[in-house]
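Comments concern the structure below.
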Amino acid sequence: MKKWLIAAFCISGMFALVGCSNDHLIRTSDGQIIEADDKPEIDDDTGMIEYEDHSGRDNQIPQGDVREIKER
């Protein structure tokens, strides 16, 4: 009984963590759609939008090239 309860707790914890991660879609002015793992942020020094892709790499795109950012 105890093992079943621990397994149920672990499974519900995994679902809670998956629900907390929010992907974002960045649509550019030329129609390209970019997927970002976290919410993109504006770099104050360069004025570019920074985002992290699914590979874990940090990328930047000029603000003028971004049409919209949507949370998925």
Find the distance between [atom1] ([X]) and [atom2] ([Y]) and round it off to the nearest 0.5 Å.
X	Y	atom1	atom2	value
I34	Y51	CD1	OH	4.0 Å
I26	N59	CD1	CG	8.5 Å
Q63	M48	CD	CE	9.5 Å
D37	R57	CG	CZ	11.5 Å
R67	R27	CZ	CZ	7.5 Å
I69	T28	CD1	OG1	11.5 Å

Less than 4.5 Å apart, any side-chain heavy atom of [X] and any of [Y]?
X	Y	result
Q60	T46	yes
H24	P40	yes
D23	E71	no

Within 6.0 Å of CD in E41, more than 12 heavy atoms from elsewhere
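Not more than 12 within 6.0 Å, no.
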
Here the pair of heavy atoms bringing G64 nearest to S29 is O-OG, 4.4 Å

Measure across E35 and L25 and return the closest heavy-atom pair with its distance rounded to 0.1 Å.
CG-CD2, 3.5 Å

